[in-house]
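Below you'll find the structure, written out as structure tokens, and then a few comments.
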Amino acid sequence: MITYNEPIRTIKLDTPHTSYVLGVLDGGFLLNLYYGRRLPDDDLWSLSNRLPSASFSPSDPEYPHFSQDASPMEYPTNGRGDFRVSALSVRCADGNSVTDMRYVSHRVFPGKPDLPGLPHLYAADDSLCDTLEVTMRDPYTGVEAVLVYTVFNDCDAISKHVRLTNRGELPVKLERALSSCVDLPSMKYDLITLWGRHAKERQFERRPLAHGLQGIRSKRGSSSHNQNPFAALAETGATETTGEVYGFNLVYSGNFTLTAEVDHNATTRVVMGIEPTDFCWALAPGESFVTPEAVHVFSAEGLGGMSRVFHRCYGEHLIRGRWKTEKRPLLINSWEAAYFDFDTEKLISFAARAKELGIGMLVMDDGWFGKRNNDKSSLGDWFVNEDKLDLGRLIDTVHGMGLKFGIWYEPEMISPDSELYREHPDWCVHVPGRTPSIARHQYVLDVSREDVRENVFGQIRAVMGRYPIDYVKWDFNRNISEAASATLPAERQGEFFHRFVLGTYELQDRLIREFPDLLFENCSGGGGRFDPGMLYYSPQIWASDNTDPIERLNIQFGTSLCYPASSVGAHVSACTRTGYRTKGDVALWGTFGYELDPNKLSDGDREIVKEQIAEYHKYYDLIRGGDLFRLICPWDDPFVCAWSFVSRDKREALVTLVRTLRQEETLLHLKLQGLRPDAIYTVEETGEKYSGALLMYAGLEMTGNPWDDGESCKVHLIAE
Ligand code: GLA
């Protein structure tokens with residue numbers, strides 16, 4: 001719900017449990033007066049009386065008692081007296097970058113507008129959300145900023161983006177065009193972010209805020225393994241279950257910034273959007289630029305509360321298509337089983353064994369196209385390697401067994417050793433006169449170019465149109481250097497990175513539009529592009545090339561800060577760190593599948609795998625539709641890790657516990673969460689009955705079970 005209080009000029013955005021209040025001051029200054037727990041409507045006038053004064057900070061002479069520098073500015077700009085990090089900086093035709101945005105008008109309407117060409121939250125029908133558009137204008141340059149907010153009435157999330165239009169008469173350049181700013185009147189928060197690297201993605205990190213700048217970014221051309229475009233501010237002392245927490249996530253897959261600045265008044269500003277380094281967007285008169293969308297979540301129920309809001313929001317308002325709700329097939333992927341070393345017969349043997357186990361789909365990973373027998377060639381040559389493979393026979397046989405069939409692509413890349421490169425050497429991302437840098441023997445294909453996208457999509461369509469393919473895994477295996485495009489004029493080279501991302505989005509959009517039944521999974525050397533932008537196109541993303549279940553715990557717990565279980569690509573592999581039971585229990589958290597040669601399973605392991613597959617079906621709805629509770633996090637406890645999925649009606653729960661390190665002291669009363677205190681739950685495995693209150697406040701007795709390093713167990717609870 002969005003309400004405007006005319007006499008005091010406040011605009012209040014309400015979700016079920018949160019409020020976000022804007023204030024319009026004389027002079028058209030737009031303030032971010034409040035964000036937090038839901039407020040009543042009556043006494044909002046008092047919020048704008050709290051502005052501190054600022055010595056040394058310049059003011060507009062018409063409003064000498066108001067200082068932007070000391071106020072919570074809703075869309076702060078550069079060069080007009082607010083010296084903190086700004087959201088917008090426009091270099092005008094005069095050459096200076098002074099920017100000033102003043103309120104002009106606003107309007108409220110039901111539903112949510114699309115962001116053309118960009119991923120975004122959506123609502124199935126207009127009654128689920130309301131949108132506010134605030135129009136602001138810089139009187140000097142004529143640049144207009146329309147701030148667009150949507151509030152959902154079924155979850156505590158607020159989305160924001162900005163539409164910038166040059167309504168002046170001279171060209172300008174956007175040097176910073178961020179999506180959102182939130183100013184909070186305190187610095188008593190910890191900043192939580194997810195750092196990582198290849199095979200170690202989304203590791204939880206928590207640090208108290210300090211005066212000055214702090215934050216994360218990516219300059220790699222993708223959201224990256226190294227920092228995820230997510231951050232939380234947790235009030236000092238907030239835990240999994242208690243305390244106020246703000247969550248911020250950018251719906252974008254390219255370079256991003258997420259910066260917090262604490263000023264001399266101990267207030268905290270958080271801005272997020274496209275990383276300004278290497279960004280400069282020319283805006284001729286009449287042209288517009290739309291920023292990516294930012295998602296904001298507030299919870300007074302700790303980190304767990306925040307995560308569950310993100311999970312529901314993304315499950316309902318981001319993930320799309322047939323596989324949003326339809327049960328997804330359980331897959332086996334050829335990568336760790338065969339790498340590049342396969343042929344038709346070998347894959348048929350995988351499928352035959354997989355079928356015996358109850359697996360529903362075979363995915364043929366890298367190595368089926370061009371002359372690709374290792375990672376040194378053929379990216380860009382997306383035609384079947386007929387020396388190696390009879391794809392028609394393979395798919396017919398696999399389908400004949402009742403299994404679905406999937407395939408791997410890496411469309412935004414080009415190998416120097418490829419027919420495509422020999423034909424079009426200027427199609428790789430490069431700077432003429434400099435040797436292009438290489439990573440994994442490959443260059444990046446310039447998908448900011450329409451002719452390049454036409455070619456690569458034409459090749460994809462030729463294969464996908466000819467063969468009945470049920471699933472695509474879309475990979476992206478290097479970062480972007482020498483960022484430039486052969487077709488952009490010199491003054492527009494600063495647009496390259498964003499144009500590249502828009503090109504990727506257009507390709508993925510075409511793929512899912514032309515093949516709407518496809519189950520689509522994104523990937524980037526594991527989880528290097530695990531972001532909400534990608535989730536808009538593919539309902540699942542391969543979380544990491546690291547399939548070691550103990551290391552996976554950190555990755556999956558970190559990922560769960562923001563992303564729902566249904567999106568987390570997780571497979572059981574042949575890795576030997578633990579037995580199959582633990583590998584299965586950890587993979588069950590995510591999409592679940594196998595990444596191994598099924599011919600090589602021992603008889604005992606084959607039986608465990610069959611049981612796991614039965615469990616996958618048994619718990620599918622509970623895990624996909626339930627709420628996740630992180631009971632013991634790997635960053636809090638080196639010995640044991642536990643989590644649960646609880647059905648929305650709280651009548652069923654699946655609790656999983658992994659002993660990550662053996663310890664002598666094994667007394668453990670595992671305190672559950674999210675149950676009904678007064679309901680009586682039966683433990684399916686033992687028949688014991690406990691009240692929800694006992695399970696949550698005294699804990700489930702787990703002493704000594706499981707006992708050894710890397711062992712796991714599950715407990716299934718059902719209420720009468
Ligand atoms: C990346 C992916 C792997 C696999 C290989 C193939 O590393 O993360 O799962 O697809 O590429 O080259």
Side-chain angles (χ1 to χ4, degrees), residues 196-202 220-226 228 253 331-342 346-347 350 361-382 385 388-389 405-418 438-445 460 469 471-480 504 519-531 534 538 540-549 551-552 555-556 559 567-575 583 587 590-597:
R197 60 164 167 74
H198 178 235
K200 196 182 173 76
E201 294 88 341
R202 291 173 299 288
R220 295 166 182 271
S222 67
S223 49
S224 87
H225 299 85
N226 309 70
N228 194 265
S253 312
L331 69 84
I332 186 162
N333 179 297
S334 67
W335 179 242
E336 289 189 30
Y339 297 103
F340 298 98
D341 179 20
F342 59 79
K346 190 184 248 185
L347 293 179
F350 287 176
M361 176 158 73
L362 174 71
V363 175
M364 174 177 67
D365 209 279
D366 194 354
W368 59 269
F369 51 90
K371 295 197 166 35
R372 184 123 164 136
N373 291 313
N374 54 46
D375 62 7
K376 295 196 173 64
S377 82
S378 303
L379 297 170
D381 296 346
W382 300 110
N385 180 348
K388 188 167 178 176
L389 212 60
F405 182 81
I407 197 169
W408 180 94
Y409 275 103
E410 196 178 358
E412 302 142 276
M413 295 291 161
I414 182 167
S415 305
D417 181 6
S418 65
I438 199 132
R440 207 195 187 203
H441 315 285
Q442 65 200 55
Y443 299 146
V444 180
L445 186 66
I460 293 174
I469 290 169
Y471 161 106
V472 162
K473 174 175 170 189
W474 180 303
D475 218 328
F476 182 82
N477 277 317
R478 63 161 285 184
N479 296 146
I480 302 179
T504 298
L519 174 55
F520 184 29
E521 177 155 1
N522 263 289
C523 174
S524 171
R529 214 161 48 173
F530 204 118
D531 61 61
M534 290 284 108
S538 68
Q540 57 195 58
I541 304 174
W542 181 229
S544 179
D545 280 346
N546 190 337
T547 49
D548 175 310
E551 291 177 29
R552 266 275 174 159
I555 295 168
Q556 292 180 190
T559 304
S567 68
V568 179
H571 297 167
V572 172
S573 75
C575 117
K583 292 192 278 190
T591 56
F592 199 78
Y594 289 87
E595 188 98 10
L596 47 75
D597 182 345

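From a predicted model like this one, the values you see are computed outputs, not experimental measurements. Just follow the structure's listing: the first ligand is 1, and inside any ligand the first atom is 1.
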Nearest non-hydrogen protein atom, atom 3 (C) of ligand 1: D545 OD1, 3.4 Å
Measure from the ring center of F340 to the ring center of W335 and say whether it is less than 6.0 Å. yes
Atom pair CD/CD of E201 and E551 - distance to nearest 0.5 Å: 11.0 Å
Min N/O separation K473 to ligand 1 under 3.5 Å: yes
Within reach of ligand 1, part of N333 (heavy-atom separation under 4.0 Å): neither
Per-atom contacts, ligand 1 versus G525 - under 4.0 Å to a heavy atom: 1 (C), 7 (O), 8 (O)
Close approach, E521 and ligand 1, non-hydrogen under 4.0 angstrom: no
Pair T559-R202, side-chain donor/acceptor within less than 3.5 Å: yes
For D365 and S334, what are the C-alpha separation, side-chain angles and deciding distance, and is it a side chain to side chain donor-acceptor pair (under 3.5 Å)? CA-CA 6 Å; D365 209 279; S334 67; 5.5 Å; no
Looking only at protein heavy atoms, identify the closest one to atom 10 (O) of ligand 1 and say how far it is in Å. D365 OD1, 2.6 Å
Does an N or O from W335, backbone or side chain, lie closer than 3.5 Å to an N or O of ligand 1? no
Residue W542 vicinity, atoms of ligand 1 by number, heavy atom under 4.0 Å: 8 (O), 9 (O)
For ligand 1, does D475 get within less than 4.0 Å through its side chain, its backbone, both, or neither, judged by non-hydrogen atoms? side chain
I want to know if ligand 1 touches F340 in the polar sense, i.e. an N/O pair below 3.5 angstrom. no
Taking atom 12 (O) of ligand 1 as the reference point, the nearest protein heavy atom with its distance: D366 OD2, 2.6 Å
Parallel, tilted or perpendicular: ring planes of F369 versus W382, cut at 30 and 60 degrees: tilted
Q540: which residues meet the side-chain hydrogen bond (donor to acceptor under 3.5 Å, both in side chains) condition with it, sequence neighbours left out? R328, E521
Does R552 make a cation-pi contact with W542, if we ask for NZ or CZ under 6.0 Å from the ring centre and within 45° of the axis? yes
Once side-chain hydrogen bond (donor to acceptor under 3.5 Å, both in side chains) is applied, do any residues pair with K200, and if so which ones, sequence neighbours excluded? none
Output yes when the distance from some N or O of ligand 1 to some N or O of W408 is under 3.5 Å, and no in every other case. yes
Is the shortest side-chain N to carboxylate O distance from D417 to K376 below 4.0 Å? no
Contact region, E410 to ligand 1, non-hydrogen atoms below 4.0 Å, reads neither
One thing to verify: whether K371 and D381 come together as a salt bridge, which I'm taking to mean a side-chain N less than 4.0 angstrom from a carboxylate O. no
Proximal ligand 1 atoms for C523, defined as those under 4.0 Å from one of its heavy atoms: 2 (C), 8 (O)
Does N477 reach ligand 1 with a nitrogen or oxygen that is under 3.5 Å from one of the ligand's nitrogen or oxygen atoms? yes
